Amino acid sequence: MKEEIRHVESYLKIMKLRYQKKIHYAIHADENLMDRVILKLSLQPVVENAILHGLQRKRGAGNVEITVYREGKTIRIDVYDDGVGIPPEKLREIQNSLRDVELREERSDASHIGLLNVNKRIQLRFGREYGLWIESEEGIYTRVRYILPDADYYKN
């Protein structure tokens with residue numbers, strides 16, 4: 001996890017330089033979870049979506065916040081942005097695609113392919129009870145939540 005957090009922080013620093021005062025970010029991570037396994041390059045695509053689809057379209061400055069915490073027997077990683085949000089019909093489509101394997105495999109367009117790929121990789125590695133969950137309110141925010149196992153055998 002520690003390496004993936006460092007990688008995404010480097011990405012955020014580059015985006016902050018590129019967009020200057022338009023993007024602000026914060027990372028809050030439970031230090032006790034930094035030895036846990038997270039798939040390589042699984043956090044950056046979701047953060048990239050937050051910037052490109054959420055903040056870049058927003059008038060004025062916006063925020064990306066990443067929070068890593070334990071909840072029960074799972075690790076949760078929330079990627080939150082206060083950008084433009086997702087329209088309800090598009091949100092339902094994304095949520096259904098994340099839950100339904102057949103819908104994922106039928107999709108031929110490139111929309112939300114990063115989310116689908118990350119979700120598929122998580123489920124292949126850890127099982128179908130894990131993966132991504134998304135919520136959004138158009139014009140207000142989007143939150144993508146990673147749900148991962150917290151077990152000793154998933155330590156680095």
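This is a predicted model, so every value here is computed, not measured.
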Which other residues belong to the hydrophobic cluster containing Tyr80, where Ile, Leu, Val, Met, Phe, Trp and Tyr are joined when side-chain heavy atoms lie under 4.5 Å apart, directly or via other members?
Ile140, Tyr141
Check which hydrophobic residues are tied to Leu41 through side-chain heavy-atom contacts below 4.5 Å, counting indirect links as well, and list them.
none
Strictly distance-based, threshold 3.5 Å: is any side-chain N or O of [X] a donor or acceptor partner for the main-chain N or O of [Y]?
X: Ser136; Y: Ile86; answer: yes
X: Asn96; Y: Arg92; answer: yes
X: Gln123; Y: Tyr130; answer: yes

For [X], all residues meeting side chain to side chain donor-acceptor pair (under 3.5 Å), sequence neighbours excluded:
X: Ser42; result: none
X: Arg6; result: none
X: Thr67; result: none
X: Asn63; result: Asp82

Any salt bridge (Lys or Arg N to Asp or Glu O under 4.0 Å) pairs touching [range], not counting sequence neighbours?
range: residues 37-57; answer: none
range: residues 7-31; answer: none
range: residues 134-149; answer: Asp78-Arg143, Asp78-Arg145, Glu135-Arg143

[X] with [Y], same ILVMFWY side-chain cluster at under 4.5 Å:
X: Tyr69; Y: Ile27; result: no
X: Leu124; Y: Val37; result: no
X: Val84; Y: Val46; result: no
X: Ile14; Y: Val8; result: yes

Does Ser10 have any side-chain contact (heavy atoms from CB on, under 4.5 Å) partners at least two apart in sequence or in another chain, and if so, which?
none
Any side-chain heavy-atom pair of [X] and [Y] under 4.5 Å:
X: Ile77; Y: Met1; result: yes
X: Leu39; Y: Ile122; result: yes
X: Tyr11; Y: Leu43; result: no
X: Val79; Y: Thr142; result: no
X: Val144; Y: Trp133; result: no

Considering all heavy atoms, the nearest Asp81-Gly54 contact:
OD1-CA, 3.9 Å
Of the non-hydrogen atoms in Pro149 and Ile75, which two are nearest, and what is the gap between them?
O-CD1, 3.9 Å
Could you measure the distance from the [atom1] atom of [X] to the [atom2] atom of [Y]? Nearest 0.5 Å is fine.
X: Lys2; Y: Ile38; atom1: NZ; atom2: CD1; answer: 14.5 Å
X: Leu132; Y: Leu98; atom1: CG; atom2: CG; answer: 6.0 Å
X: Gln95; Y: Lys90; atom1: CD; atom2: NZ; answer: 12.5 Å
X: Arg99; Y: Ile94; atom1: CZ; atom2: CD1; answer: 11.5 Å
X: Leu33; Y: Leu148; atom1: CG; atom2: CG; answer: 10.5 Å
X: Lys58; Y: Leu55; atom1: NZ; atom2: CG; answer: 7.0 Å

Please collect all ring pair (Phe, Tyr, Trp, His ring centres under 6.0 Å) contacts where either partner lies in residues 33-57, sequence neighbours excluded, each pair once.
none
Under the ring pair (Phe, Tyr, Trp, His ring centres under 6.0 Å) rule, what pairs show up with a residue in residues 20-49, not counting sequence neighbours?
none
Between the side chains of Arg36 and Asp150, is the shortest nitrogen-to-carboxylate-oxygen separation below 4.0 Å, so that they form an ion pair?
yes
Worked check of side-chain hydrogen bond (donor to acceptor under 3.5 Å, both in side chains) between Arg76 and Thr74
CA-CA 6 Å; Arg76 308 292 173 111; Thr74 63; 2.8 Å; yes
